[in-house]
Amino acid sequence: MAATWEEILKLSQQFQSAQFAQATQRLSERNCIEIVAKLIAEKQLEVVHTLDGKEYITPTQISREIRDELHVRGGRVNIVDLQQVVNVDLLHIENRANDIVKSDRTIQLVLGQLVDESYLDQIAEETNDKLQETGQVKISDLCKAYDLPGDFLKQALSSRLGKIIHGKIDQDNQGVIFTEAFVTRHRALIRGLFSAITRPTPVINLIARHGFQEHLLYSVLEELVNTGRLKGTVVGGRQDKAVFIPDIYARTQSNWVDSFFKQNGYLEFDALLRLGIPDPVNYIKKRYKSLQLLFLKSSCVGQGIVDQVEASVDEAISSGTWVDIAPLLPSSLSVEDVGMLLQQVMRSFNKQPSTFIFGDTNVVSEKFISSCADLFSDLMHQKAEKEMKRNPVHLITDEDLKHSALVENVPSNKKDKKDERRKKAAEGSGSVRGGGGGNAREIKIKKTKKKGRKDVDSDEESQASSTNRTKHLEIPFMSQEEIEDVLRKHIRDCPEELVTELSNHLIRPLTKSYQDVLRAVFMSSTSASSGASRKRTIKDLQEEVSNLYNNIRLFEKGAKHFTDETQTNIAKHMLKTVCTDITNLMFNFLAADVMMAAEDYSTITAEMRKKILSTLPEETRAPLSKLHMSLNGKSLEEFVSCLDAATEACDIMLRKGDKKKERQILFQHRQALIEQLKVMEDPAFVLHLTSVLLFQFSTHCMLHAPGRCVPQIITFLSSKIPEDQHSLLVKYQGLVVKQLISQNKKIGQGDDDSVDNNLEAEESLEAIRKELQELTASIKDLVLRPRKSSVTEE
């Protein structure tokens, strides 16, 4: 033991001597920094520079100081504040804070702040104190007070319910904490208040008056109703329109509804609303699940009323009369309700003869309307005879030749289509003397871009042209007032409203029938010998053939500005129109010699030309046959060659125009198109006319092109007119195409399409139509306003 102590003393003396001994070598501060940097670079030492650069600190020390500061500050500290305390870069503090959170479950990182369990316990204690005072605490208020997220606070406080916090969270509204005493007090208030209610009362009014917590009230109210403590029901769910209806009131209400429906066979929604039923439709559906009811706009009717209306309509149809269903229906039904009821009833009569609905409540059978129309048969013939004697010239229409002996053997379908095409041509260059209005025919085009449907487009164009022309030539039969007077004399016990509707419905069919009667009277009074009086002189023929010939040459010159494909389309179009007109003109002149001349040469069809050819002598038949065949080709040169031969064979001298004559034709043609453009409103026609006129202004050439060539004309004009004008044309063309596509889709939609789709299509079409109307004036101004000279004109 003594030896050990001596050894200790010896070591102490050696240590003391070492302390007082002077160092043989000293390291400078710079050397120390380099050594530490070297150790850090080789990862043998892990230290962090302080912000002032005077000290090194280890990560462990950083963690220790963070924990100490968290404890000092009561369990919550901001990471930004730790930077000033620890005096290191914020990145190192964030890294150590994340490590602390991972290693210690009692510490959490929330919104850049470290929070430990002791702080959360403190919040829970403060929350509990406030809860015991007020009975309820909203977590949203705690979020504002403690500047912490709601989900975090909800989770933290939920785990302390029953331990630190003496209360519970509402299951329907987890943003509120209640005490049992608060819930019990409210349950008693709700039970007493709703027990005293004797009539339907909106729940929202009670909440506003008594200050109930909304979610708690609905929960307690549902519990009391489900357990049978409160006798009543809550209608409308947990919404502002929720209404509490006591059982005593509901029983009285149901008895009144049942009694009214049993006696009258219908229920009015407004009456149920006045009774305090907020949703009449669903109430009726639940109340009368087994009954077949028809729900209308403002009411619903039982099957008895529907059967009664069906029986009356069926009797009117079978007996060929009319019936007013208004006396059969309750007076409280609106006009819209009656219309819906009639639509439902008429569905069962789809397979029977058609009926009409006049004045919203009058159902009229087709047989009755036919009998009304028959009343005017004798009057038509009498008036037609008088019209024939007074002014027969106006009775001649393009339809007359269809019924004449010239076309009796022609198949009706092909004849009608080709006649329509010839009529279309009559409105074009063939009907204009001296070259004016040579493009008028194509202004009737409805579709400009539909590949693969050329024939269909042509037929539709022809039908539109024929319809427009017929409207101008129609001779009125009777005014609506005169028709009403005749109906009043022959139909008794008919209300004035029905008489007016009937006359309005009959005026168009009667006018159309009157035109047929007029034509029949006219055709019967016209003899075959009248063809000689309509024979053209050779001088008139030469003048008109020369004019048409010069038009063709000028149109051909304009077509050469386009590509071969477009030239081919224009050539086909000219062969069908202008070239066909000049051919028909010559054929009709020769047919006059054999009493086969038509009143209007433009109505002559290919079959009629063949028939005329069979009556001609051999020397004129051969060249005219070639001329007839060239119309089916694709070359204008071939047609012109055949035309020269045909005119020579018929001794018709062609007067080819000089420069002065050409300028006159160009001017007349341009003025005719401008006049048409001024009165034209249809966007497709306006685009067609404007494009053709701009082409003539730019090239000084006439153009006779079909509607499907409008895009090529606009493309050609891109280098001929200012860029802003061309952009306007392209924009207008796009809108026209969209309008035509929308119209075709609308026509193609079936009955199964939804109402929403139809409404969307209508809205889209209306928007396009408005935009076109706004641009139409600007498009017309490109031609009608004083123009600056284009590059070509300069």
Side-chain angles (χ1 to χ4, degrees), residues 258 260-269 271 281 284-285 288-377 480 483-484 486-510 512-513 750-753 755:
D258 292 341
F260 185 89
F261 182 73
K262 184 177 180 181
Q263 292 177 8
N264 301 281
Y266 77 97
L267 288 173
E268 192 177 359
F269 297 154
V281 175
I284 295 172
K285 288 180 179 179
Y288 303 103
K289 293 180 180 178
S290 59
L291 295 182
Q292 186 178 358
L293 302 177
L294 176 61
F295 286 87
L296 306 175
K297 184 69 175 178
S298 61
S299 60
C300 75
V301 297
Q303 190 61 34
I305 293 179
V306 176
D307 293 340
Q308 189 177 2
V309 173
E310 285 184 354
S312 299
V313 172
D314 184 49
E315 182 181 357
I317 293 175
S318 59
S319 60
T321 56
W322 61 276
V323 63
D324 184 3
I325 67 168
L328 308 177
L329 300 176
S331 59
S332 60
L333 293 188
S334 64
V335 174
E336 190 173 1
D337 287 340
V338 174
M340 295 174 65
L341 176 60
L342 268 181
Q343 288 180 5
Q344 180 66 26
V345 170
M346 297 310 295
R347 288 175 185 170
S348 59
F349 296 99
N350 282 340
K351 296 182 179 179
Q352 297 190 20
S354 60
T355 55
F356 300 89
I357 299 175
F358 293 148
D360 299 319
T361 61
N362 297 306
V363 180
V364 182
S365 66
E366 187 178 23
K367 188 184 296 184
F368 179 77
I369 293 178
S370 299
S371 64
C372 292
D374 292 340
L375 298 174
F376 299 88
S377 178
Q480 185 170 339
I483 295 175
E484 290 178 8
V486 174
L487 291 176
R488 290 190 189 98
K489 292 178 181 178
H490 294 82
I491 303 175
R492 297 181 180 179
D493 301 330
C494 190
E496 283 296 320
E497 184 181 4
L498 180 57
V499 172
T500 303
E501 293 278 355
L502 273 173
S503 63
N504 187 47
H505 177 79
L506 288 172
I507 187 169
R508 181 62 192 156
L510 289 176
K512 187 176 180 181
S513 300
D751 295 336
D752 296 335
D753 289 342
V755 176

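Sequence positions, counted from 1, serve as the residue numbers for this chain. Because only heavy atoms are used, hydrogens play no part in the values below, and waters and symmetry mates are left out as well, while side chains stay in. Owing to the predicted nature of the structure, the values given are computational and were not obtained by experimental measurement.
- Shown here are the ring pair (Phe, Tyr, Trp, His ring centres under 6.0 Å) partners of Phe260, two or more places apart in sequence or in another chain: Trp256, Tyr266.
- In this view, Ser370 satisfies the side chain to side chain donor-acceptor pair (under 3.5 Å) rule with no residue, not counting sequence neighbours.
- Partners of Phe376 according to the ring pair (Phe, Tyr, Trp, His ring centres under 6.0 Å) rule, which considers only residues two or more places apart in sequence or in another chain, do not exist here.
- With sequence neighbours excluded, the residues satisfying side chain to side chain donor-acceptor pair (under 3.5 Å) with Gln344 are Arg347.
- In this structure, Ser365 OG and Asp314 CG are separated by 11.5 Å, a value rounded to the nearest 0.5 Å.
- Residues that satisfy the side chain to side chain donor-acceptor pair (under 3.5 Å) test with Gln303, not counting sequence neighbours, are Asp307.
- Residue Gly265 comes nearest to Ile305 through the heavy atom pair O-CD1, 3.6 Å, listed as atom of the first residue, atom of the second, then distance.
- The two residues Phe368 and Gly320 come nearest to each other via the heavy atoms CB-O, 3.4 Å.
- The two residues Val309 and Leu328 make their nearest non-hydrogen contact at CA-CD1, 4.5 Å.
- Listed by chain and number, the residues in a side-chain contact (heavy atoms from CB on, under 4.5 Å) with Ser503 are Gln480, Ile483, Glu484, Leu487 (sequence neighbours excluded).
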- Query: Can you check side chain to side chain contact (heavy atoms under 4.5 Å, CB included) on Leu291 and Phe261, steps first, answer last?
  - Reply: CA-CA 12 Å; Leu291 295 182; Phe261 182 73; 3.7 Å; yes
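- In this structure, Arg508 CZ and Ser513 OG are separated by 10.0 Å, a value rounded to the nearest 0.5 Å.
- The side-chain heavy atoms of Tyr288 and Leu267, taken from C-beta on, include a pair separated by under 4.5 Å.
- For Phe269, the ring pair (Phe, Tyr, Trp, His ring centres under 6.0 Å) criterion is met by no residue, not counting sequence neighbours.
- Scored by the side-chain contact (heavy atoms from CB on, under 4.5 Å) test, Thr321 finds Ala316, Ser319 as partners (sequence neighbours excluded).
- Here the CD1 atom belonging to Ile325 is positioned 3.5 Å from the CG atom belonging to Leu342, to the nearest 0.5 angstrom.
- Side-chain atoms of Asn264 and Pro330, non-hydrogen and from C-beta on, never get closer than 4.5 Å to each other.
- Pairing each heavy atom of Leu293 with each of Cys300, the nearest pair is CD1-SG, 4.4 Å.
- Applying the side chain to side chain donor-acceptor pair (under 3.5 Å) criterion to Asp324, with sequence neighbours excluded, gives Thr361.
- Side-chain atoms of Ser312 come within 3.5 Å of backbone N or O of Gln308 as a donor-acceptor pair.
- Partners of Lys297 under the side-chain contact (heavy atoms from CB on, under 4.5 Å) rule, at least two apart in sequence or in another chain, are Glu336, Asp337, Met340.
- Within the 4.5 Å cutoff, the side chain of Val364 has heavy atoms near those of the Leu498 side chain.
- Scored by the salt bridge (Lys or Arg N to Asp or Glu O under 4.0 Å) test, Glu501 finds no partners at all (sequence neighbours excluded).
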